[in-house]
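Order of appearance sets the numbers: ligands from 1, and atoms from 1 within every ligand.
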Amino acid sequence: MITIRCAKCKTKLFRYLKIGKGQVRHLWPSRIQEDNSIHDGNMIKCPCGNEIGKDEQKYINLKRSAFTHTGRKFG
Ligand SMILES: [Zn+2]
């Protein structure tokens, strides 16, 4: 489980089950355990206003520079 935080204000935005190696670029909705983000249309934002990513229906496409993540990956 990894924790995804806003790069600007460090608010905890998602708890996410990351499977496999590599960068965190997409969030698959079925693996999101906790979602504190703001869904503004198809934009995903932090409560501080920082744009975190875009909802592409099947997954959330994250903006690389907008977030940080910590925690252990699986697989
Ligand atoms: Zn923020």
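Tyr16 places a side-chain N or O within donor-acceptor distance of the main-chain N or O of Trp28, the cut-off being under 3.5 Å. A donor-acceptor pair is defined here as one N or O able to donate and one able to accept, closer than 3.5 Å; such a pair exists between the side chain of Lys18 and the backbone of Gly20. Using a distance-only test at 3.5 Å, with no hydrogens or angles considered, no donor-acceptor pair links the side chain of Asn61 to the main chain of Gly53. Panel note: side chain Asn50, backbone Ala66; a donor-acceptor pair is recorded below 3.5 Å.
Scored by the salt bridge (charged side-chain N to carboxylate O under 4.0 Å, His left out) test, Arg15 finds Glu34 as partners (sequence neighbours excluded).
No option in Lys45, Lys63, Arg64 other than Lys63 meets the salt bridge (Lys or Arg N to Asp or Glu O under 4.0 Å) test with Glu51.
Listing protein N, O or S atoms at distances below 2.8 Å from the Zn ion (ligand 1), with waters left out, gives Cys6 SG, Cys9 SG, Cys46 SG, Cys48 SG.
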